[in-house]
2 protein chains.
Amino acid sequence: MAKGTYTYEYPRPSVTTDCVIFGFDTEGLSVLLIERGIEPFKGCWAFPGGFMQMDEDAETCARRELEEETGLKADYVEQFGTFSDVNRDPRGRTVTIAHYALVKKSEVKGADDAAQAKWFPIGNIPPLAFDHDRILRVALKALREKIHFEPVGFELLPSVFTMPQLQDLYESILDVKFDRRNFSNKMLKLGILTEVNDGTIRKGTRNPIKYSFNQDNYNQMKAKGFRLEF
Amino acid sequence: MAKGTYTYEYPRPSVTTDCVIFGFDTEGLSVLLIERGIEPFKGCWAFPGGFMQMDEDAETCARRELEEETGLKADYVEQFGTFSDVNRDPRGRTVTIAHYALVKKSEVKGADDAAQAKWFPIGNIPPLAFDHDRILRVALKALREKIHFEPVGFELLPSVFTMPQLQDLYESILDVKFDRRNFSNKMLKLGILTEVNDGTIRKGTRNPIKYSFNQDNYNQMKAKGFRLEF
DNA sequence: AATGTTTTGTGTAATTTTTACACATGGAAT
DNA sequence: ATTCCATGTGTAAAAATTACACAAAACATT
């Protein structure tokens, strides 16, 4: 958008989007942050985000900023809240429409060799800029509630995964422990997992069974009124 | 806010709030709408709402507009989504931060003798302006999900109510039917209802037991990790 | 005034869901 | 070679959910 002058009869806040990017691997749940090189909050970390253009809606903006600032294209982006405290940005009145993105950390690269972007485990977050600590708390809460009713966990795992991986993911997000047998039974009974046969013959149990998420079946079941609950 | 000229280097959308007002009585769940007297969407109905001022956050704005346009002061106002489609308002680019308000319809008056405000049962909504039909759908979904985990139903009932009233409320919001005994057992077991003794001696069962919501007890239980689930 | 109808409160048995729990296998590490 | 560890698997006990019927008084009808 070209710089110029735009005049209105009443003052308007700036509108931005921010994107909390969740990733998951053997280290657990983490978020991708960008180090601020300039004031305010120079040296603090922040979520990628920026001004909404006049020809894009909020989600489009969040996806664009995400890619511009980290190189990531996220499959899953969802709005979870809008933050409008009067003094949330010292530079001026700004309203931000906050999103979270779920990315398959295992299947993306770059991202953390991009500029100052870096993954931080959820239990070890550095000082954040603006009201981003609050935004992160709300994002986590939203993700936790979401995963009870929607199969969003699979957006964070490789497309082929094992039952222990899936359990680790749920345990990381919900911050609880499950019994292995009960977790497995419950998951399998949902009918949304497909056993992946990659040709290898399994002997013993040490090498785990591979699964993929059966999106088609989930969609069908959902259309028939099935409601995932975990 | 005084009219004048406000100039920015980049174009900015307008930011508004809208408020879906839910009420409940023997007719079931309904929403309070305002008839538009001017184009666009003249004659259509809309949620109360308006431009966010520079010195107020979104919820403050929603409450202010609610009172200005309907005379209602709502106890419970909560943001549930922000709508930013590029063409959602033909007059220009506008982003709206949508809220729902829960009001004790039985304990307010006015409201529907205010100007063109009128309650409509949820099953009989007139044509709505802008994208307000979509906003209403999302609001209903948000309310339905909310009531599973938070005791928001009591915001819609008189402060003293009966078990059948409470059941009607849940049935209206969730659009399901419950068995009377099971519903009552479950509710009472939650430990958030206090039996109200209004002095009258009950003979027989035709005149129902009165209850009130025990907010203090709920807060205490919640602090101890109790999580309401219905 | 008598009669029928509606609203409400209440408990238990059957079913379903959730929880707790232990061992055998073979790969990995020593 | 030995030990250690990750994984897969089933069942019995406990808990939660569901289904279900009658009695009392208020209310409506005649």
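Residue numbers begin at 1 in each chain, while the letters A, B, ... track the order of the sequences.
- Atom CG in A:Asp179 sits about 15 Å away from atom P in D:dG10, given to the nearest Å.
- Residues from residues 194-210 of chain B with heavy atoms under 4.0 angstrom of DNA chain D, sorted by number: B:Lys203, B:Gly204, B:Thr205, B:Arg206.
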For side chain to side chain donor-acceptor pair (under 3.5 Å), just list the numbers for A:Ser30 and A:Lys105, CA-CA rounded to whole Å, side-chain angles, deciding distance to a tenth of an Å, and then say yes or no. CA-CA 10 Å; A:Ser30 49; A:Lys105 205 175 165 185; 3.2 Å; yes
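- A salt bridge (Lys or Arg N to Asp or Glu O under 4.0 Å) with B:Glu171 holds for exactly one of B:Lys177, B:Arg144, B:Arg180; it is B:Lys177.
- With hydrogens and angles disregarded, a donor-acceptor distance shorter than 3.5 Å links the side chain of B:Glu107 to the backbone of B:Ser159.
- The interatomic distance linking A:Gln167 (CD) with D:dA6 (P) rounds to 13 Å, in whole Å.
- Rounding to whole angstrom units, CZ of residue B:Phe183 and C1' of C:dG9 are separated by 15 Å.
- Rounded to an integer number of Å, the gap from CG of B:Leu166 to P of C:dT8 is 13 Å.
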Distances under 3.5 Å between nitrogen or oxygen atoms of protein and nucleotides 13-18 of chain D:
none

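- In this structure, the CZ atom of A:Phe230 is 12 Å from the C1' atom of C:dT18, given to the nearest Å.
- Residues B:Val20 and B:Phe80 form a side-chain contact, since some pair of their non-hydrogen atoms from C-beta on lies under 4.5 Å apart.
- With salt bridges taken as basic N to acidic carboxylate O contacts below 4.0 Å, none links A:Glu155 and A:Lys146.
- Across the protein-nucleic acid pair, A:Phe161 atom CZ and D:dT7 atom C1' stand 16 Å apart, rounded to whole Å.
- Salt bridge B:Asp75/B:Lys104: absent, no basic N to carboxylate O contact under 4.0 Å.
- Of the residues A:Phe83, A:Phe120, A:Trp45, A:Phe47, the one that meets the ring pair (Phe, Tyr, Trp, His ring centres under 6.0 Å) test with A:His132 is A:Phe47.
- A:Arg181 places its CZ atom 12 Å from the C1' atom of C:dA24, with the value rounded to the nearest Å.
- Between the B:Arg36 side chain and the B:Ala129 main chain, no donor and acceptor come within less than 3.5 Å of each other.
- Within the 3.5 Å criterion, the main-chain N or O of A:Phe130 finds no donor-acceptor partner in the side chain of A:Arg88.
- B:Met187 has its CE atom 17 Å from the C1' atom of C:dG9, to the nearest Å.
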